[in-house]
Amino acid sequence: MKEKKISKNATENKIIERLYASLPSLAKLVGGDATITDADGNVLKSYNYSGEANYDIIGTQSIQAKYAMQEQKCTVSWSNRVPGAMAIRIPLCENYMFGLNNESISEKFGKLIFQNENSDKANYDYTSIIGTSKQVQEMKKEIRLAARVNSPVMLLGEQGLEQEKYAGIIHNLSKRKGKPFITIKCSAIPPTAFEQIFFGTGPSDDGYISDLRHEGVFKQAEGGTIFLDDLDSLDILTQKKLFKVLDSGSYKDAKSGLKAKIDTRIISSCSPNAKKQIKSGKFLSKLYWYCSAESISIPPLRFRSEDIYPYLKYFIRLQNQKFGSYASKISDEALKILTNYKWSGNVTEMKGCIEQIYNKLGYDIIIEKKHIPSYILFEKKIPKNTAPSATPTLKEMLAEYEKQLVEESLIRNNWSRTDTAAELGIDTATLWRKMVKLNIKNNT
């Protein structure tokens with residue numbers, strides 16, 4: 001029996017078809033663009049890190065791709081658009097070239113690191129801690145004690161409790177004051193970018209544009225403090241990498257190529273249920289115990305109602321300065337409503353609430369009930385000492401409570417699904433399914 005021959009073009013076309021179908025997944029994997037061009041470098045297909053088509057570049061010509069096709073060899077070079085990003089171009093045959101870059105991760109990385117050039121600014125001052133409750137007094141004592149030592153500190157608390165400010169205060173009270181204080185938003189770290197972020201980037205193999213090398217966070221924060229915000233949001237693989245380098249006490253600096261000792265204090269923040277995440281396998285126990293040599297719990301606002309009024313006064317003062325207007329007081333009725341509200345979003349939610357109040361204030365100088373956002377005024381509450389006509393099942397009560405939480409979060413975030421999902425700690429697809437299941441609609 002004769003073997004069936006397959007033409008060269010047919011084989012190439014089958015490979016290209018399969019690659020076309022894989023481009024969105026490949027783009028997500030590398031955190032950049034995945035592209036196919038023709039022999040002249042014209043872009044035939046391209047997808048970004050979100051798996052969406054790059055319609056703006058399809059049909060355009062890439063000179064670098066054309067050069068790679070002419071030479072018929074793989075080329076690696078620095079990106080022309082994003083500092084620190086790299087691109088690889090691989091000729092598949094005489095007619096097609098496959099290209100990848102990590103521009104999206106690199107651009108995100110550039111926005112990820114926030115270094116305070118002057119970490120002594122007022123909102124990192126010990127006197128800026130707001131509150132008179134016993135919990136706050138105890139927390140202030142723990143902050144002073146933590147500042148005296150050099151051990152890692154973990155701040156445990158819900159979202160919106162000014163964790164970065166408290167980390168900055170510890171830094172400014174310590175011997176590292178005046179040295180760099182760098183905040184890393186762990187929730188924004190792509191799984192494939194750990195080394196680039198913490199160790200930096202060195203020169204490319206072909207030596208292109210060496211001045212685009214950048215220092216990693218360990219080098220930038222030398223002698224100072226790194227604040228790892230939302231540490232428990234890191235994926236488990238990145239957690240393992242981080243623990244390994246912290247435990248060893250040294251790393252290889254990518255820019256210099258030399259081994260360097262870590263001279264940086266680590267302060268981190270985690271959710272209060274971090275230990276539960278350890279049991280579920282989402283949080284590496286070794287990393288947790290390393291970073292919590294000292295731990296400080298930040299109590300939510302709803303458990304210290306006496307601190308609500310001081311915070312209200314503080315944000316009112318800020319808004320008076322911002323708007324150039326003057327609200328002289330809060331009416332007793334409005335104060336009672338704001339004091340009794342549970343503030344599930346804590347300080348961050350209150351800040352947004354006061355800004356909404358000022359948007360309604362106009363020429364009024366007294367904050368009244370009419371100025372308070374509707375989601376607070378119409379907060380659903382379970383009546384006390386009332387017997388329902390029909391006792392609901394546990395499943396029904398849980399569904400009603402879940403609906404209440406989701407609705408309140410949506411209102412707080414102006415019905416932005418992205419922001420609401422982030423606040424609730426779920427993805428947007430899960431949020432959408434819950435909205436459909438619970439019959440939640442925006443009727444405004």
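Computed from a predicted model, the values in this text were never measured in an experiment.
Qualifying ring pair (Phe, Tyr, Trp, His ring centres under 6.0 Å) partners for F315, counting only residues two or more places apart in sequence or in other chains: none.
Taking a cutoff of 4.0 Å between a charged side-chain nitrogen and a carboxylate oxygen, E306 and K134 do not qualify as a salt bridge. For E402 and K437, the salt-bridge test fails: no basic side-chain N is under 4.0 Å from an acidic carboxylate O. Look at K179 and E222 and you find no salt bridge, because none of the NZ, NE, NH1 or NH2 atoms lies under 4.0 Å from a carboxylate O.
Under the 4.5 Å side-chain criterion, counting only non-hydrogen atoms from C-beta, L156 is not in contact with I296. Contact annotation: the side chain of R302 approaches that of E158 to within less than 4.5 Å [non-hydrogen atoms, C-beta and beyond]. By the 4.5 Å heavy-atom criterion applied to side chains, F199 and D253 are not counted as neighbours. A 4.5 Å side-chain heavy-atom check between T420 and L431 finds at least one atom pair inside the cut-off. The side-chain heavy atoms of Y96 and M69, taken from C-beta on, include no pair separated by under 4.5 Å. Side-chain contact check for I129 versus E162: every heavy-atom pair is 4.5 Å or farther apart. In this structure, the side chains of L284 and K240 come closer than 4.5 Å at one or more pairs of heavy atoms. Considering only heavy atoms from C-beta on, K165 comes within 4.5 Å of I169 through its side chain.
Atom CG in L155 sits 11.5 Å away from atom OG in S292 (nearest 0.5 Å). Rounding to the nearest 0.5 Å gives a distance of 4.0 Å between CD1 of I372 and CG of L338. Atoms CD1 and CZ, on I15 and F98 in that order, are 13.0 Å from each other to the nearest 0.5 Å. Distance CD1/I330 to OG1/T339: 7.5 Å, rounded to 0.5 Å. Between F194 atom CZ and I189 atom CD1 the span is 8.0 Å, to the nearest 0.5 Å. We find the SG-CG distance between C291 and L242 to be 6.0 Å, quoted to the nearest 0.5 Å.
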Criterion side-chain contact (heavy atoms from CB on, under 4.5 Å) on F227 and I266, from CA distance to verdict: CA-CA 6 Å; F227 174 50; I266 300 296; over 6 Å; no

Criterion side-chain contact (heavy atoms from CB on, under 4.5 Å) on Y375 and C353, from CA distance to verdict: CA-CA 10 Å; Y375 76 86; C353 169; 4.0 Å; yes

Stepwise side chain to side chain donor-acceptor pair (under 3.5 Å) test for D232 and S271: CA-CA 7 Å; D232 49 339; S271 62; 2.8 Å; yes

side-chain contact (heavy atoms from CB on, under 4.5 Å) evaluation trace for T225 with T264: CA-CA 5 Å; T225 301; T264 305; 5.6 Å; no

Check against side-chain contact (heavy atoms from CB on, under 4.5 Å), E355 and K322: CA-CA 10 Å; E355 185 158 352; K322 179 178 178 180; 2.9 Å; yes

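Between the Q135 side chain and the P300 main chain, no donor and acceptor come within less than 3.5 Å of each other. Panel note: side chain D235, backbone T238; a donor-acceptor pair is recorded below 3.5 Å. Under a 3.5 Å cut-off, the side chain of Q163 and the backbone N or O of L161 do form a donor-acceptor pair. Remark: side-chain polar atoms of D427 are paired, donor with acceptor, to backbone N or O of A429 under 3.5 angstrom. In this structure, D307 contributes its side chain and S133 its backbone to a donor-acceptor pair below 3.5 Å. Distance alone, capped at 3.5 Å, is enough to place a donor-acceptor pair between the S22 side chain and the R18 backbone.
Closest approach of D40 and Q61 over heavy atoms only: O-NE2, 2.8 Å. Contact detail for K219 and Y251: the closest heavy-atom pair is N-OH, 3.5 Å. Here the closest heavy-atom approach between residue T428 and residue R417 is recorded as CG2-O, 3.9 Å. When all heavy atoms are compared, the tightest approach of M350 to L301 is CE-CD1, 3.9 Å. The shortest non-hydrogen separation linking I316 to A327 is CG2-O, 4.1 Å. Closest approach of Q137 to G131, counting heavy atoms only: NE2-O, 3.6 Å.
Defined by atom type and a distance below 3.5 Å, a donor-acceptor pair is present between the side-chain atoms of T430 and R433. Looking at Q159 and D230, their side chains do bring a donor and an acceptor atom within 3.5 Å of each other. Side-chain contact of E349 with Y341: a donor-acceptor pair under 3.5 Å is present, judged by distance alone. Donor-acceptor pairing under 3.5 Å is recorded for the side chains of E164 and Y124. Using a 3.5 Å distance cut-off with no hydrogens or angles, the side chains of D125 and S128 do not pair a donor with an acceptor. Under 3.5 Å, the side chains of N95 and D38 contain no donor-acceptor pair of N or O atoms. In this model, no donor atom of one side chain and acceptor atom of the other lie less than 3.5 Å apart for D33 and S46. A donor atom on one side chain and an acceptor atom on the other are found under 3.5 Å apart for R144 and Y126. Side-chain polar atoms of S269 and D229 form a donor-acceptor pair below 3.5 angstrom. In this structure, a donor-acceptor pair under 3.5 Å is absent between the side chains of S151 and E294. A donor-acceptor contact under 3.5 angstrom links the side chains of N320 and Y358, judged on distance only.
Counted within 6.0 Å of NZ on K45, heavy atoms from surrounding residues, nucleotides or ligands total 12 or fewer; the atom is thus considered open. Within a 6.0 Å radius of NZ in K434, other residues, nucleotides and ligands contribute 12 heavy atoms or fewer. At most 12 non-hydrogen atoms from other residues, nucleotides or ligands lie less than 6.0 angstrom from OH of Y309. Shown here is K140, whose NZ atom has more than 12 heavy atoms of other residues, nucleotides or ligands within 6.0 Å.
Relative ring orientation between H171 and F181 is described as tilted, the plane-to-plane angle lying within the 30° to 60° band. In this pair, F218 and F198 present their aromatic rings tilted. The plane angle is within the 30 to 60° band.
Pairs passing the salt bridge (Lys or Arg N to Asp or Glu O under 4.0 Å) check and including a residue from residues 263-285, sequence neighbours excluded, read R176-D263.
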